[in-house]
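What follows is a short report on a single structure.
As the structure is a computational prediction, the values presented were derived from the model and not from experiment.
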Amino acid sequence: MTHRRINPLAALAYAAFTSAAAVGYALYTAPDDAERLNTLIPFADIPTKGDKRLQSIIATIRQSPEGEALYQHAASTGAVFEWRPRNPLAPLGTYESGLTTMQADHTKSRTVLAVVHELYHHWQGETLQPQQWKLDPVDRYHLAQMVEVDACAKTAIFAAAHADATGKALPRIQNAQSAFGDKIAEDYARRSKTTRLYLHDTYEQCFAEINSPVFHQYQKTHLSIMARPAHAAFDALQKSDEKDLETVFNTHFKTATLAEKARLFRSFFVTDIKTGTIHPDIAAMDDADFMGWIETQSRSAEKAPVQETQNAFNYYRQVIKSFIPAPTPGS
C-alpha cells in the first residue's frame, strides 16, 4: 500500500494483496538504472521525463485507442506514478488518491496489465466516485466487488484492443500464479473478434475469479468495508446526542433506492470512457433484473457474514430512527 492514509476508494479498490497466490512473481533482470525507484512522476510527464522502462510501458499502453483514452484521462486529471522496489509481501500494484504504484521487477506484460488495471481504478474514482455512494451493506459489498471486477474486465478489453491494434497479443505471463485477471485478459485478447462475448468473457469471468478460493482475501477485505455504519451507530448511541444520531442516520442509513442503485451500478459498464456509453445489454435490462444479475454474479463464500452485517445495519437503522425526530411533511 502507499504511505498515505487509506481513503474509502482505496479500500474499495484494494488492487492486490499479500498472499503468494495473488502476488505470483514473474520477474525480469533489470539494469541498475532501469527504473527510478521511489520517485513520483505525473503521467503527463512520462513520455518526456520518465525513465526508459516506464516510457516503453506507457508507449505500449497507448498503441490502441482504448489505451490512449485511458492514458489521456490519467494525464489530464493529474494522476501520478511511482516505482517501488521488489517486495514479495507487498501488492504488485496499488492505487490511492491519484497515485499508482508498481513493483519494478515484473515482466513487461504483467506490468502493462497492472498499470492499466490501476488506471481504471483512477478513472472510477474521478468519474464514478463510488466512495460517495450511500448503500446498504449488502449493496456496498457488491460495490466493492464491482470496483475490482470492472477494472479486471476493462483490462481484458484493453488487452483485446491492443491485440487488434498491433496485430499480436501481449506475451503471456510465464508463471503459474497469475495476479487477479491476468489469464482472463490473456485469453480474451487471443479470441477472434467474432467469438468474443463482451460481458460473459470479461465481467462474468472476473466475477467468477474474484469469488474463487484463490482470491478469498478480496472477499475478506470487502467484508471489512460493510461494518462501518454499525460502528458509527454504536458510537453515536453511546453518546446519546440527538444531533449526532441524526447526522449518523443521514450519513450512513439513508441509502439509495432501487432505481438509484441500478443507475449507479450501470455506470461501470461503459464501452467507451470518452463518451460514457453504457453497454446496450446492460442499458436494456429492467432495474430489478439488472440488480438481481449483479447479486447473482457477486455470489461469495462470505454470504453468511454479509447477511449478518446487513441484519445489524437494519437493527441500528431502526434504533436510531426511534431516537431522532420524525421529518416534517414535505422535508
Original post:
After noting the C-alpha distance and the side-chain angles of His142 and Glu295, does the key distance pass the side-chain hydrogen bond (donor to acceptor under 3.5 Å, both in side chains) rule?
Top reply: CA-CA 7 Å; His142 296 160; Glu295 184 173 356; 5.3 Å; no
Original post:
Are Ile282 and Leu258 joined in one hydrophobic group, where the rule is that I, L, V, M, F, W and Y side chains link up if heavy atoms are under 4.5 Å apart?
Top reply: yes
Original post:
How would you list, by chain and number, every residue that makes a side-chain contact (heavy atoms from CB on, under 4.5 Å) with Ser322, sequence neighbours excluded?
Top reply: none
**OP:** Apply side-chain hydrogen bond (donor to acceptor under 3.5 Å, both in side chains) to Thr94 and Thr101, showing your working.
**Re:** CA-CA 5 Å; Thr94 67; Thr101 73; 2.5 Å; yes
Subject >> Euclidean distance, Gln205 CD relative to Ile184 CD1, rounded to 0.5 Å >> reply: 6.0 Å
Subject >> Side-chain donor or acceptor of Ser109 paired with backbone N/O of Pro171 under 3.5 Å >> reply: yes
Original post:
Without hydrogens or angle criteria, can the side chains of His121 and Gln124 be said to hold a donor-acceptor pair below 3.5 Å?
Top reply: yes
Subject >> Flag, side chain of Lys154 to backbone of Phe268, donor-acceptor distance under 3.5 Å >> reply: yes
Original post:
Is any side-chain heavy atom of Tyr316 closer than 4.5 Å to a side-chain heavy atom of Phe249?
Top reply: no
**OP:** Mind jotting down which residue pairs meet the salt bridge (Lys or Arg N to Asp or Glu O under 4.0 Å) criterion with at least one end in residues 193-208? Sequence neighbours excluded, please.
**Re:** Asp164-Arg196, Arg191-Asp201
Subject >> Nearest-0.5 Å distance, OH of residue Tyr120 to OG1 of residue Thr155 >> reply: 7.0 Å
Original post:
Hey, does the side chain of Thr296 reach the backbone of Ile294 with a donor-acceptor pair shorter than 3.5 angstrom?
Top reply: no
Original post:
Do any N or O atoms from the side chain of Gln310 and from the backbone of Asp136 form a donor-acceptor pair under 3.5 angstrom?
Top reply: no
Original post:
Between Arg140 and Trp133, is there a donor-acceptor pair closer than 3.5 Å when you use the side chain of the first and the backbone of the second?
Top reply: yes
Original post:
Within a strict 4.5 Å, meaning less than it, do heavy atoms of the Tyr141 and Thr309 side chains meet?
Top reply: no
Original post:
Considering residues at least two apart in sequence or located in another chain, which fulfil the side-chain contact (heavy atoms from CB on, under 4.5 Å) criterion with Lys49?
Top reply: Ile41, Asp45
Subject >> pair Phe158-Val112: side-chain heavy atoms closer than 4.5 Å >> reply: yes
Original post:
Any side-chain heavy atom of Met146 within less than 4.5 Å of one from Val149?
Top reply: yes
Subject >> Between CD1 on residue Ile278 and CZ on residue Phe269, distance to nearest 0.5 Å >> reply: 9.0 Å
**OP:** Any disulfide bond (SG atoms under 2.5 Å apart) involving residues 69-115? Give me the pairs, sequence neighbours left out, ordered by first then second residue.
**Re:** none
Original post:
Would you say Asn250's side chain and Glu246's backbone share a donor-acceptor pair under 3.5 angstrom?
Top reply: yes
**OP:** Test side-chain hydrogen bond (donor to acceptor under 3.5 Å, both in side chains) on Thr100 and His122 and set out the steps.
**Re:** CA-CA 8 Å; Thr100 291; His122 177 67; over 6 Å; no
Original post:
Is the backbone of Asn87 close enough, under 3.5 Å, to the side chain of Gln103 for a donor and an acceptor to pair up by distance?
Top reply: yes
Original post:
Using 30° and 60° as the class limits, which term best fits the ring planes of Phe81 and Trp83: parallel, tilted or perpendicular?
Top reply: perpendicular
Original post:
About how many Å separate CD1 of Ile46 and CD1 of Ile61, when rounded to the nearest 0.5 Å?
Top reply: 8.5 Å
Original post:
disulfide bond (SG atoms under 2.5 Å apart): which pairs involve residues 51-159, sequence neighbours left out?
Top reply: Cys152-Cys206
Original post:
Does Gln307 CD have over 12 foreign heavy atoms under 6.0 Å away?
Top reply: yes
Subject >> Any pair counted as side-chain hydrogen bond (donor to acceptor under 3.5 Å, both in side chains), so long as it reaches residues 281-292, sequence neighbours left out >> reply: Arg266-Asp287
Original post:
Charged N to carboxylate O below 4.0 Å: is that the case for Asp187 and Arg172?
Top reply: yes
